[in-house]
Amino acid sequence: MNPSRTIVLALLLFALVTGLVACGGEPSPAPADTAAPVASDMPAPTATPTTVPPTDTPEPTAAAPQVTELDLQDLATPSDLSSYRSNVTMTTSGTQAGETVEGRLEVLMEYTSEPLVQHLRMSGEGAGMAEVESMGTVEMYQLEDTTYIQFGDQWLSVPTTEEITANMGVIKPEDLLEDTCGWQQQADTEYEGIEAYRWTLATEDAQACMTEDMMEGLGEISEATGELYVAKEGNYIIHMEMALTGSELNASLGGGEQVLDDGRMEVTFDLRDVNEPFTIEVPEEALTSGALPEDIPVPEDAEDVTNAFGMITYNTARSPAEMSDYYQAQMPANGWTEVSTEETEGMFALEYSKEGRTANLIINTDADSGMTEVVIMIAEPES
């Protein structure tokens with residue numbers, strides 16, 4: 001058993017979010033990093049307008065910009081920034097089997113590179129959001145060495161791994177756009193005081209560029225609208241909003257498939273505090289969530305220690321037999337009474353009791369790493 005299994009529920013929730021990308025497209029993990037409701041094979045726009053060679057004719061005015069194609073590869077991604085806050089909101093509304101249905105998903109992401117801290121908060125409710133809604137608001141804070149995860153009112157802490165990092169930054173603005181088509185460049189403008197390139201999406205342009213496969217995946221689109229602003233300095237997306245209206249509309253938000261007979265799907269993305277100094281505060285209850293019980297000994301050479309939901313796990317270079325001897329000496333020294341000890345083909349099972357509590361230990365060799373894995377399951381007395 002790998003210690004990182006304690007974060008499986010969180011990763012499943014992240015998979016729900018990333019599954020939004022392009023109605024089933026593969027998610028693209030990013031270290032500081034779900035899905036657009038539109039898809040396309042169309043060429044995309046560069047965020048920098050093409051320069052028109054000088055001629056004898058009058059230069060075009062700002063109201064008639066040189067049309068270029070939106071190039072997602074040219075855009076800066078969150079991993080290029082030193083800090084930011086992003087918000088994504090996705091909503092659906094319509095009818096399904098004659099019933100009115102609505103769904104909503106909200107994701108906040110905060111990131112600073114110095115110090116390296118990431119914060120994600122996700123919540124959802126309504127149609128298609130049963131998996132997320134059942135967990136309530138899910139929060140994660142990732143530091144360089146430790147990731148803190150909240151489920152309901154309980155926090156758990158686990159060592160930060162590459163797997164967690166890959167799933168932590170689930171929202172990239174280019175993911176929300178990578179399968180859209182029909183964006184048209186408009187005159188440069190300002191968005192909330194930032195000089196920006198502006199793009200818009202209209203129904204006729206989106207319908208003209210959609211392929212049969214795209215329409216089969218999305219449904220019959222009767223209306224498509226969108227606004228996109230890209231910062232001239234830094235070339236990152238400041239704000240994006242899109243809306244799709246149609247019949248047989250694929251409006252899956254929470255991981256499970258949801259097709260509306262008639263409905264509307266909207267998504268907005270905002271990026272704020274880009275490269276600005278701010279502090280992400282990790283709640284005190286999260287920081288103390290990994291504290292081990294004082295009477296459960298763990299050796300100094302323990303690696304990947306986790307403590308969650310009454311289970312402590314870790315790896316060590318010591319042999320299973322050495323660890324069995326360690327606990328047979330240390331548990332009684334901490335007030336525990338031995339109930340049983342068993343060995344089966346190199347695996348040790350130990351049980352102890354103390355004042356109505358029980359501690360069951362499984363000590364075995366991990367097949368993947370070759371290290372000794374220790375699992376301690378603690379049961380508190382029923383109140």
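For clarity, every value in this text was computed on a predicted model and none was experimentally measured.
- The distance from atom SG of C181 to atom CG of D205, rounded to the nearest 0.5 Å, is 9.0 Å.
- Between S83 and D273 the shortest side-chain heavy-atom distance does not fall below 4.5 Å.
- The CZ atom of F348 sits 8.0 Å away from the CD atom of Q328 when rounded to the nearest 0.5 Å.
- Residue L249 holds its CG atom at 5.0 Å from CD1 of I221, rounded to the nearest 0.5 Å.
- N87 is linked by a side chain to side chain contact (heavy atoms under 4.5 Å, CB included) to L108, counting only residues two or more places apart in sequence or in another chain.
- P297 is listed as a side-chain neighbour of M331, based on a closest heavy-atom distance under 4.5 Å.
- In this structure, L260 and S93 approach most closely via the heavy-atom pair CD1-O, 3.5 Å.
- Neither side chain, T288 nor E284, offers a donor N or O lying under 3.5 Å from an acceptor on the other.
- Side-chain contact, T203 with E223: no donor N or O sits under 3.5 Å from an acceptor N or O.
- Residues N364 and G346 approach most closely at OD1-O, 4.2 Å, considering heavy atoms.
- Between I378 and P293, the closest side-chain pair of non-hydrogen atoms falls below 4.5 Å.
- In this structure, K354 contributes its side chain and N334 its backbone to a donor-acceptor pair below 3.5 Å.
- The closest donor-acceptor contact from the side chain of N315 to the backbone of E303 lies at 3.5 Å or more, if one exists at all.
- Atom CG of residue D295 and atom CD of residue Q330 lie 12.0 Å apart, to the nearest 0.5 angstrom.
- Contact annotation: the side chain of V274 approaches that of Y236 to within less than 4.5 Å [non-hydrogen atoms, C-beta and beyond].
- In terms of heavy-atom proximity, W155 sits nearest to P283 at CZ2-CG, 4.0 Å.
- Under the 4.5 Å side-chain heavy-atom criterion for Ile, Leu, Val, Met, Phe, Trp and Tyr, V267 and Y191 are members of the same hydrophobic cluster.
- Heavy-atom neighbours of E380 CD from other residues, nucleotides or ligands within 6.0 Å: above the threshold of 12.
- Contact detail for Q185 and Y197: the closest heavy-atom pair is NE2-CD2, 4.3 Å.
- Residues L292 and Y314 share a single hydrophobic cluster, defined by chaining ILVMFWY side chains whose heavy atoms lie under 4.5 Å apart.
- Side-chain contact check for E227 and Y229: at least one donor-acceptor pair (N or O, by modelled atom type) lies under 3.5 Å.
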Practice item. Start with the C-alpha gap between T160 and T147, add the side-chain angles, then the distance that decides, and say whether side chain to side chain donor-acceptor pair (under 3.5 Å) holds. Key: CA-CA 5 Å; T160 295; T147 298; 2.9 Å; yes

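- Counting heavy atoms from C-beta on, the side chains of T372 and I363 come closer than 4.5 Å.
- Sequence neighbours left out, the pairs with a member in residues 314-326 that pass salt bridge (charged side-chain N to carboxylate O under 4.0 Å, His left out) are D301-R318.
- At least one donor-acceptor pair under 3.5 Å links the side chain of Q96 to the backbone N or O of V259.
- The pair R198-D188 does not meet the salt-bridge criterion, since no charged nitrogen lies less than 4.0 angstrom from a carboxylate oxygen.
- Residues S324 and L350 share a closest heavy-atom pair of OG-CD2, 4.0 Å.
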Practice item. Give the C-alpha distance, both sets of side-chain angles, the deciding distance and a yes or no for side-chain contact (heavy atoms from CB on, under 4.5 Å) between N360 and I376. Key: CA-CA 6 Å; N360 287 276; I376 307 172; over 6 Å; no

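- Y111 OH to I280 CD1: the interatomic distance, rounded to the nearest 0.5 Å, is 9.5 Å.
- Of the possible donor and acceptor atoms, none in the side chain of E343 sits under 3.5 Å from a partner among the backbone N and O of A349.
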Review point. Which is it for L75 and V230 under the side-chain contact (heavy atoms from CB on, under 4.5 Å) test, yes or no, and what are the steps along the way?
Key: CA-CA 8 Å; L75 294 174; V230 177; 3.8 Å; yes

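- The shortest heavy-atom contact between Y327 and Y352 is O-OH, 3.5 Å.
- In this structure, M347 and I362 have side chains that are in contact, with non-hydrogen atoms separated by less than 4.5 Å.
- With contacts defined as side-chain heavy-atom distances shorter than 4.5 Å, the pair F278/R272 does not qualify.
- When side chains are defined from C-beta on, M323 counts as touching P299, because their heavy atoms get closer than 4.5 Å.
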Practice item. Please step through side-chain contact (heavy atoms from CB on, under 4.5 Å) for the pair L156 and N307, ending with a clear verdict. Key: CA-CA 7 Å; L156 63 92; N307 176 27; over 6 Å; no

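- For T112 (side chain) and P115 (main-chain N/O), a donor-acceptor pair under 3.5 Å exists by modelled atom type.
- Each of Q118, H119, M122 was evaluated against M109; a single residue qualifies, Q118, per the side-chain contact (heavy atoms from CB on, under 4.5 Å) test.
- The closest side-chain donor-acceptor pair between S82 and N275 falls under 3.5 angstrom.
- Residues E102 and R104 are not paired through a salt bridge, judged by the lack of any N-O separation under 4.0 Å between the basic side chain and the carboxylate.
- In summary, the side chains of T245 and S222 do not present any donor paired with an acceptor at a separation below 3.5 Å, with no hydrogens or angles considered.
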**Study point:** T200 and L228: CA distance, side-chain angles, deciding distance, side-chain contact (heavy atoms from CB on, under 4.5 Å) verdict
**Key:** CA-CA 6 Å; T200 60; L228 172 65; over 6 Å; no

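- Taken to the nearest 0.5 Å, the CD atom of E351 stands 10.0 Å off from the CD atom of E338.
- Looking at S369, its side chain does come within 3.5 Å of a backbone N or O of M371 through a donor-acceptor pair.
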Exercise for review: Decide yes or no on side chain to side chain donor-acceptor pair (under 3.5 Å) for T306 and T313, but give the supporting numbers first.
Suggested key: CA-CA 5 Å; T306 68; T313 66; 2.5 Å; yes

